[in-house]
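Counting begins at 1 with the first residue of the sequence. Predicted, not measured: the structure shown is a model, and the values here were computed from it. Below, all heavy atoms of this structure are taken into account, side chains as well, without hydrogens, waters or symmetry copies.
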Amino acid sequence: MADVELRNVSKLFGAGKVVDDIDLQVERGEFFSLLGPSGCGKTTTLRMIAGLEAPTSGDVMIRGQRVNDVPIEKRATNLVFQKMALFPHMNVFDNVAFGLTIKRMPRAEIRRKVEAMLAVVSLEDFIARPVTGLSGGQQQRVAIARALVNEPAVLLLDEPLGALDLKLQLRLQRELRQIQKATGTTFIYVTHNQAEALTMSDRLAVMNGGRIEQLGTPAEMYLAPATSFVASFIGRTNLLEGRIASVCAGAARIEAGGLSFLLPAGGATSGERLALSLRPERIALVGAGQGQTQGRIAEVEFMGATVLYRVALAAGPTLLVQALAGNAPLAGGTSVGLDFAQDAAVPIRATTVSEDTE
């Protein structure tokens with residue numbers, strides 16, 4: 001049985017449909033992410049699961065029970081927000097114990113549960129510390145412990161790391177994943193940060209315009225994007241408009257932007273038009289006059305360990321090419337050759353394909 005199931009769920013605010021007829025199942029013990037840009041409907045979806053919003057149509061199910069009319073305090077869920085809303089006049093213990101105290105649980109049982117949960121989030125040595133004396137990362141772990149100590153079926157997290165600096169975000173990503181594995185609790189995590197979703201999730205749904213564009217594992221999303229939106233939203237890519245030049249022995253020869261690829265035919269026919277996603281790291285920079293096509297470096301973006309080049313082809317589009325930085329990046333204006341495997345591109349669905357490949 002899925003811990004959370006959404007059946008044809010829609011949400012309207014006035015005449016605007018913010019969530020548009022989505023179906024979704026989150027399995028027990030999963031770390032599941034809702035990923036998408038601002039305004040895509042991901043937070044509204046989370047709020048409907050929590051009970052902060054009621055669906056306009058469709059059903060929200062938690063562990064097989066329809067909860068559309070169940071108030072937030074009676075649902076088997078707990079929420080962690082970006083703004084942690086800790087009680088500043090309480091120490092760590094009292095903050096984590098708050099929900100158990102409201103339930104009038106025996107004091108000895110409260111202490112046992114709080115101490116065990118603080119050990120899970122590695123804050124057992126801070127039990128008597130005022131929360132105002134903690135770092136931002138420590139405060140966020142207190143907020144997570146306060147939510148988990150109530151033993152919810154599902155923990156809902158709405159961009160909980162968004163207010164933290166990058167180094168702390170990276171550390172807490174690992175810690176959140178470890179906490180989820182240690183407790184076995186189902187996590188549903190809302191973010192617009194692609195790296196967060198790819199790093200932490202067992203599965204994720206990419207949302208756009210109130211709909212789910214694609215559902216799958218992080219590897220599936222990156223390596224086999226279904227649409228141009230998913231391909232360009234998760235990482236960087238080159239979106240190319242192509243045509244099947246020929247089909248022979250189950251393979252299709254595809255011409256796209258002056259480049260040639262050989263992919264499984266999959267029922268395709270000669271002359272058919274399609275869109276392709278070609279990741280920058282699938283293209284190799286070689287010396288001028290070598291490789292499968294020629295170009296000139298138009299822009300250089302130094303990223304530390306890697307360099308992102310925009311290479312203007314002699315006859316065709318400008319391609320993004322990612323390479324190791326090496327001793328020094330190549331200079332703008334340098335003539336280069338580009339090489340790539342014949343199956344480096346992935347066919348995708350697209351309504352429009354722009355030369356703006358980011």
Legend entry - Minimum heavy-atom distance P160-V190, with the two atoms named: CD-O, 4.5 Å
Legend entry - Student check: side-chain heavy atoms of N91 and R129 closer than 4.5 Å: no
Inset, instruction - Please confirm whether the backbone N or O of A224 pairs with a side-chain atom of Q214, one donor and one acceptor, at under 3.5 Å? - result: yes
Legend entry - Any side-chain donor near an acceptor of the partner, E30 and T186, under 3.5 Å: no
Inset, instruction - Could you tell me whether the side chains of Q292 and Q342 share a donor-acceptor contact shorter than 3.5 Å? - result: yes
Legend entry - Hydrophobic cluster of F98, others only, ordered by chain and residue number, side-chain cut-off 4.5 Å: F87, M90, I102
Inset, instruction - Please check if the side chain of D165 supplies one atom and the backbone of K167 the other of a donor-acceptor pair under 3.5 Å. - result: yes
Legend entry - Residues that F187 engages under ring pair (Phe, Tyr, Trp, His ring centres under 6.0 Å), provided they are two or more places apart: F31
Inset, instruction - Check side chain to side chain contact (heavy atoms under 4.5 Å, CB included) between A97 and all other residues, then give those that pass, not counting sequence neighbours. - result: F93, T101, I110, V114
Legend entry - Side chains of R296 and T334 in contact at under 4.5 Å (non-hydrogen atoms): no
Inset, instruction - Go through the steps for L12 and V18 under the test side-chain contact (heavy atoms from CB on, under 4.5 Å), then give the verdict. - result: CA-CA 6 Å; L12 278 72; V18 179; over 6 Å; no
Inset, instruction - Inspect the contact between K113 and E115 and indicate whether a charged nitrogen and a carboxylate oxygen are less than 4.0 angstrom apart. - result: no
Inset, instruction - Any chance you could lay out the salt bridge (charged side-chain N to carboxylate O under 4.0 Å, His left out) test for E301 and R310, step after step, and finish with the verdict? - result: CA-CA 8 Å; E301 187 176 337; R310 286 170 177 80; 3.5 Å; yes
Inset, instruction - For T44 and G41, indicate whether the former's side chain and the latter's backbone hold a donor-acceptor pair under 3.5 Å. - result: no
Legend entry - CG-OG1 distance between L313 and T293, expressed to the nearest 0.5 angstrom: 4.5 Å
Inset, instruction - Of all the heavy-atom pairs spanning T185 and P152, show the shortest one and how long it is. - result: CG2-O, 3.7 Å
Legend entry - For V60 against N68, the heavy-atom pair lying closest together: N-OD1, 2.9 Å
Legend entry - CZ on R282 to CG on D339, rounded to 0.5 Å: 12.0 Å
Inset, instruction - Answer yes or no: is there a side-chain heavy-atom contact under 4.5 Å between L156 and I49? - result: yes
Inset, instruction - Search all heavy atoms of G137 against all heavy atoms of L172 and return the closest pair with its distance. - result: CA-CD1, 3.8 Å
Legend entry - Hphob cluster co-occupancy, M61 + V26, side-chain heavy atoms under 4.5 angstrom: no
Legend entry - Sequence neighbours excluded - side-chain hydrogen bond (donor to acceptor under 3.5 Å, both in side chains) pairs with any residue from residues 264-277: T237-S277
Inset, instruction - Heavy atoms only: give me the nearest G242-I254 pair and the separation to one decimal. - result: CA-CG2, 4.5 Å
Legend entry - Side-chain heavy atoms of T227 within contact of I348, under 4.5 Å: no
Inset, instruction - Please test T43 against R47 for side-chain contact (heavy atoms from CB on, under 4.5 Å), starting from the C-alpha separation and ending with a verdict. - result: CA-CA 6 Å; T43 293; R47 289 171 65 86; 3.9 Å; yes
Legend entry - Same apolar cluster: L46 and I72, side chain cutoff 4.5 Å: yes
Inset, instruction - Determine, stepwise, if the pair I179 / R174 fulfils side-chain contact (heavy atoms from CB on, under 4.5 Å). - result: CA-CA 9 Å; I179 291 166; R174 295 192 303 272; over 6 Å; no
Inset, instruction - May I ask you to decide if D20's main-chain N or O and K11's side chain share a donor-acceptor pair within less than 3.5 Å? - result: no
Legend entry - Nearest-0.5 Å distance that lies between atom CD in E151 and atom CG in N78: 11.0 Å
Inset, instruction - For the residue pair Y189 and E196, confirm or rule out a side-chain donor-acceptor distance under 3.5 Å. - result: yes
Inset, instruction - Taking Q194 for its side chain and F233 for its backbone only, find out whether a donor-acceptor pair lies under 3.5 Å. - result: yes
Inset, instruction - Check whether any side-chain heavy atom of L134 sits under 4.5 Å from a side-chain heavy atom of V142, and report yes or no. - result: yes
Inset, instruction - Return the set of residues passing side chain to side chain contact (heavy atoms under 4.5 Å, CB included) with D21 (not counting sequence neighbours), or none when no residue passes. - result: N8, S10
Inset, instruction - Please answer: with hydrophobic residues joined when any side-chain heavy atoms are less than 4.5 Å apart, are V286 and Y309 in the same cluster? - result: no
Inset, instruction - Show your reasoning for whether side-chain contact (heavy atoms from CB on, under 4.5 Å) applies to L170 and Q173. - result: CA-CA 5 Å; L170 294 175; Q173 285 173 21; 4.1 Å; yes
Inset, instruction - For residues L263 and V346, determine if any side-chain heavy atom of one lies less than 4.5 Å from a side-chain heavy atom of the other. - result: no
Inset, instruction - Not counting sequence neighbours, which residues clear side chain to side chain contact (heavy atoms under 4.5 Å, CB included) with A197? List them please. - result: S33, L35, T191, S201, L204
Legend entry - Considering all heavy atoms, the nearest L118-A145 contact: CD2-CB, 4.5 Å
Inset, instruction - May I ask you to decide if R236's main-chain N or O and R279's side chain share a donor-acceptor pair within less than 3.5 Å? - result: yes
Legend entry - Atom pair CD1/CG of I283 and L338 - distance to nearest 0.5 Å: 6.5 Å
Inset, instruction - Please answer whether the main-chain N or O of V121 pairs with a side-chain N or O of R141 as donor and acceptor at a distance below 3.5 Å. - result: yes
Legend entry - Short side-chain to backbone donor-acceptor contact, Q138 and S135, under 3.5 Å: yes
Inset, instruction - Flag the pair F13 / E53 as yes when at least one side-chain heavy-atom distance between them is below 4.5 Å, and no otherwise. - result: yes
Inset, instruction - Look at the side chain of E255 and the backbone N and O of R243, then say whether any donor-acceptor pair between them is shorter than 3.5 Å. - result: no
Legend entry - Ion pair D202/R177, N-O distance below 4.0 Å: yes
Legend entry - Donor on one side chain, acceptor on other, R253 and S260, under 3.5 Å: yes
Inset, instruction - Using the rule that two of Ile, Leu, Val, Met, Phe, Trp, Tyr join whenever any of their side-chain heavy atoms come within less than 4.5 Å, decide whether V92 and M105 are in one cluster. - result: yes
Legend entry - Ion pair R63/E5, N-O distance below 4.0 Å: no
Inset, instruction - Following the transitive rule for hydrophobic clusters with a side-chain heavy-atom cut-off under 4.5 Å over Ile, Leu, Val, Met, Phe, Trp and Tyr, establish whether L176 and V120 coincide in one cluster. - result: yes
Inset, instruction - State, yes or no, whether a side-chain contact exists between L155 and V80 at a heavy-atom distance under 4.5 Å. - result: yes
Inset, instruction - Calculate, to the nearest 0.5 Å, the distance between atoms CD and OG belonging to E241 and S228 respectively. - result: 11.0 Å
Inset, instruction - Measure the CD-CG distance between Q139 and L123 for me, rounded to the nearest 0.5 Å. - result: 10.5 Å
